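Please read the structure below before turning to the comments.
What you are looking at is a predicted structure, and each value in this text was computed from that prediction instead of being measured. Numbered from 1 within each chain, the chains take letters A, B, ... in sequence-line order.
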Amino acid sequence: MLKSTKPPFPSKTKFSLWFLRSFNSLLSPGSPKQIETHPSHSHQYNCQKYFLFSFLNENPTNRRVPKQVHSHLLTTASFSQSVRLFNALLRCYSVCENPKDAIFLYQQVQTFYLYLKFDSFTYAFLIKACASLADLALGKQFHGVEIKMGFESHLYVQTVLVNMYVESGGLIECKKVFDEMPEKNHVTWNVMITGLAKQGDIEIARFLFEGMPDRNIVSWSGMIDGYTRMNRHREALRLFRRMVADVGVDPSEITLLAILPAVWNIGDVKMCQLIHCYGLKRGFLLSDIRVMNSLIDAYAKCGCIVSASRFFEDISMTTRNLVSWTSLISGFAMHGMGKEAVESFERMEQDGWKPNRVTFVCVLNACSHGCLVEEGLNFFEKMVNEYRISPDIKHYGCLVDMLGRAGRLEEAEQIALQIPCEISNEVVWRILLGACSFYGNVKMGERVTSKIMETEKRYGGDYVLMSNILAGARRFADAESLRTLMEKRNAIKVAGSSVT
DNA sequence: GTAGGGTTAG
């Protein structure tokens with residue numbers, strides 16, 4: 001008899017699927033009843049449980065792992081023996097790409113294992129799955145069940161419930177649960193604040209933020225992120241300065257990710273450099289590829305493509321990922337550097353990266369801004385035939401823009417007409433209208449304008465462009481009447497402005 | 001166990 005019940009598996013060991021299969025075959029002859037009743041099997045059973053537990057916890061996002069464990073538990077009828085293992089599996093499903101599996105698992109186990117007693121963890125993970133699904137109706141059902149099971153005042157269950165309601169848009173319910181919680185902690189407050197900020201209820205979020213007992217870095221970052229999402233960049237920067245200078249809170253990597261869009265929207269290169277230095281000092285630039293990628297993007301959007309590209313080259317080959325390459329290509333695209341973008345794309349492929357749909361939007365955009373029409377058409381063809389990516393509206397937009405800029409208006413119009421109507425929008429026609437304006441094509445301009453007006457009548461820019469086309473063709477009366485129509489329809493054209 | 005996350009046509 002073995003004295004120790006502690007299984008001989010180190011917790012941090014990585015287990016392969018192959019190993020699990022071997023383990024399964026090792027254990028499968030014994031039914032769970034046998035395992036339980038035979039003392040000689042108890043150590044083996046504990047090992048198995050421990051192994052499955054580590055396997056789930058160490059591969060939380062691997063799609064095959066929970067399925068494998070799930071089928072193992074079903075075939076050996078092991079669910080009845082451990083609610084902890086069941087919860088671990090439920091947690092895995094709730095964070096995986098199909099959280100519906102968590103609900104299916106619950107239903108399955110509820111039907112066949114009536115004696116399994118669910119605990120607070122079970123309901124927390126189920127409600128989390130509803131939040132990921134943004135399924136308010138389902139979430140409400142579990143709210144009812146959870147109350148019935150006596151978790152109405154449970155801090156963790158209620159916190160995850162607040163999160164579910166705020167993320168699924170149930171603002172009234174979310175406020176009710178939050179207000180009625182007998183005990184709240186910083187996570188509860190942050191769930192509420194970051195959730196409201198994400199939903200655009202920034203004023204209420206700010207009110208809670210100012211009134212909360214102790215703000216931590218998550219609260220600050222959530223508020224800053226809320227302001228940048230709402231395009232209130234100066235307020236985001238004000239809050240960031242208050243956090244750093246007045247309160248003395250150290251930004252985290254997430255704070256940097258939240259503040260960088262505000263920095264490049266304002267075009268503050270100095271601030272960009274400051275954040276770069278801070279990231280180096282704190283070690284975020286070594287540890288978090290997301291911060292590095294966001295910095296490549298921010299430098300490029302602040303107009304410093306040289307800094308962006310230099311920064312990219314400084315990232316080691318092993319650290320760079322597809323997003324780093326895509327950010328670089330996107331930077332070259334917005335600077336009209338088509339050749340460099342194409343070269344980067346080729347280097348990326350040589351390094352073994354498989355471009356995704358975003359990469360193709362960026363490289364097509366680069367071809368369009370760099371007047372590389374043939375290359376662009378080749379990329380489009382490559383995307384569809386080699387990488388089997390079905391083009392979305394942005395890819396078509398780039399194509400229309402590319403042909404339009406090159407003066408190949410008829411071809412551009414043909415592409416625009418061929419776009420499946422389920423995905424087509426007025427933006428693609430607006431791009432073509434810009435090209436018609438540049439090349440003074442009145443007839444196509446009129447055709448395109450009427451296409452746009454089918455769906456969007458209140459975008460002032462369209463009237464301005466078309467009236468400019470008409471004026472260019474000396475049809476001043478028509479141009480004038482279009483301007484009058486624009487005013488009558490209350491269409492607004494915001495005047496452009498520059499940061500410098 | 002519960003909270004914040006990078007690249008995308010005009």
Side-chain angles (χ1 to χ4, degrees), chain A residues 57 84 87-88 90-91 94-95 119-125 127-128 131 154-164 166-167 184-195 197-198 216-226 229 251-258 260-261 284 288-298 300-301 321-331 333-334 355-369 376 391-402 404 419 425-435 452 459 461-462 465:
Chain A
N57 289 337
R84 276 193 69 192
N87 286 340
L90 203 60
R91 177 173 176 264
S94 73
V95 296
D119 59 11
S120 60
F121 289 72
T122 313
Y123 294 105
F125 297 144
I127 295 167
K128 192 181 167 64
H154 193 285
L155 176 61
Y156 281 53
V157 177
Q158 296 310 98
T159 299
V160 84
L161 197 63
V162 171
N163 187 41
M164 185 276 296
V166 74
E167 282 192 5
K184 300 181 186 74
N185 67 5
H186 54 290
V187 179
T188 321
W189 282 92
N190 286 339
V191 159
M192 194 71 179
I193 288 166
T194 54
K198 234 193 279 177
N216 68 6
I217 189 62
V218 178
S219 338
W220 286 97
S221 307
M223 276 312 299
I224 291 168
D225 181 56
R229 274 171 202 263
S252 70
E253 55 272 54
I254 309 296
T255 326
L256 302 193
L257 291 172
L260 278 169
F284 296 149
D288 198 326
I289 184 65
R290 299 170 305 173
V291 180
M292 294 188 242
N293 293 340
S294 201
L295 255 173
I296 299 172
D297 181 56
K301 283 178 174 151
N321 66 10
L322 183 62
V323 180
S324 327
W325 282 104
T326 306
S327 305
L328 179 73
I329 294 168
S330 147
M334 70 185 77
N356 64 12
R357 50 180 63 250
V358 183
T359 322
F360 274 108
V361 171
C362 296
V363 78
L364 287 171
N365 191 25
C367 292
S368 151
H369 289 175
D392 66 32
I393 192 63
K394 291 188 182 178
H395 300 110
Y396 285 117
C398 291
L399 220 54
V400 170
D401 189 46
M402 190 171 71
I419 300 172
N425 63 11
E426 73 279 4
V427 177
V428 77
W429 291 106
R430 195 166 285 147
I431 294 169
L432 189 55
L433 187 62
I452 298 174
Y459 187 79
D462 301 328
L465 266 185

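- Residue contacts for Lys301(A): at a heavy-atom cut-off of 4.0 Å it reaches the sugar-phosphate backbone alone, with no base atom in range.
- In this structure, the separation between CG on Leu465(A) and OH on Tyr459(A) is 8.5 Å, given to the nearest 0.5 Å.
- In this structure, Asn425(A) reaches the bases: a heavy-atom distance under 4.0 Å links it to at least one base atom across the strands shown.
- If you check every strand for non-hydrogen atoms under 4.0 Å, His369(A) touches sugar and phosphate atoms only.
- Among the heavy atoms of the strands lying under 4.0 Å from Val191(A) are primed sugar atoms or P, OP1, OP2 only; no base atom is included.
- Here Asn216(A) lies in heavy-atom contact (under 4.0 Å) with a base.
- His186(A) comes within 4.0 angstrom of a nucleotide base, judged by non-hydrogen atoms across all strands.
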After noting the C-alpha distance and the side-chain angles of Ser330(A) and Ser327(A), does the key distance pass the side chain to side chain donor-acceptor pair (under 3.5 Å) rule? CA-CA 5 Å; Ser330(A) 147; Ser327(A) 305; over 6 Å; no
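- Residue Ser221(A) is classed as a base contact, given a heavy-atom separation below 4.0 Å to a base.
- Here Ile289(A) lies in heavy-atom contact (under 4.0 Å) with a base.
- Residue contacts shown for Ile217(A) include a base, since a base heavy atom lies under 4.0 Å away.
- Every residue meeting the salt bridge (charged side-chain N to carboxylate O under 4.0 Å, His left out) condition with Asp392(A), not counting sequence neighbours, appears here in chain and number order: Arg357(A).
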Check the pair Asp297(A), Ser294(A) against side chain to side chain donor-acceptor pair (under 3.5 Å), reporting the backbone distance first and the verdict last. CA-CA 5 Å; Asp297(A) 181 56; Ser294(A) 201; 5.4 Å; no
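- Among the protein residues, Ile393(A) comes within range of the nucleic acid bases, having at least one heavy atom under 4.0 Å from a base atom.
- In the 5' to 3' direction, nucleotides of DNA chain B lying under 4.0 Å from heavy atoms of chain A begin and end at dG1(B) to dG10(B).
- Within the 4.0 angstrom heavy-atom criterion, base atoms lie near Asn321(A).
- Between the CZ atom of Phe121(A) and the NZ atom of Lys128(A) there is a distance of 14.0 Å, given to the nearest 0.5 Å.
- Using a 4.0 Å heavy-atom criterion, one finds that Ser324(A) contacts no nucleic acid atom at all.
- For Phe125(A), the ring-ring contact (aromatic ring centres under 6.0 Å, His included) test picks out no residue, with sequence neighbours left out.
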In sequence, state the C-alpha distance, the side-chain angles, and the governing distance for Asp119(A) and Thr122(A), and then conclude on side chain to side chain donor-acceptor pair (under 3.5 Å). CA-CA 5 Å; Asp119(A) 59 11; Thr122(A) 313; 3.0 Å; yes
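- Within the nucleic acid shown, Thr326(A) comes within 4.0 Å of at least one base atom, counting heavy atoms only.
- Within the 4.0 angstrom heavy-atom criterion, no nucleotide atom of any strand lies near Ser368(A).
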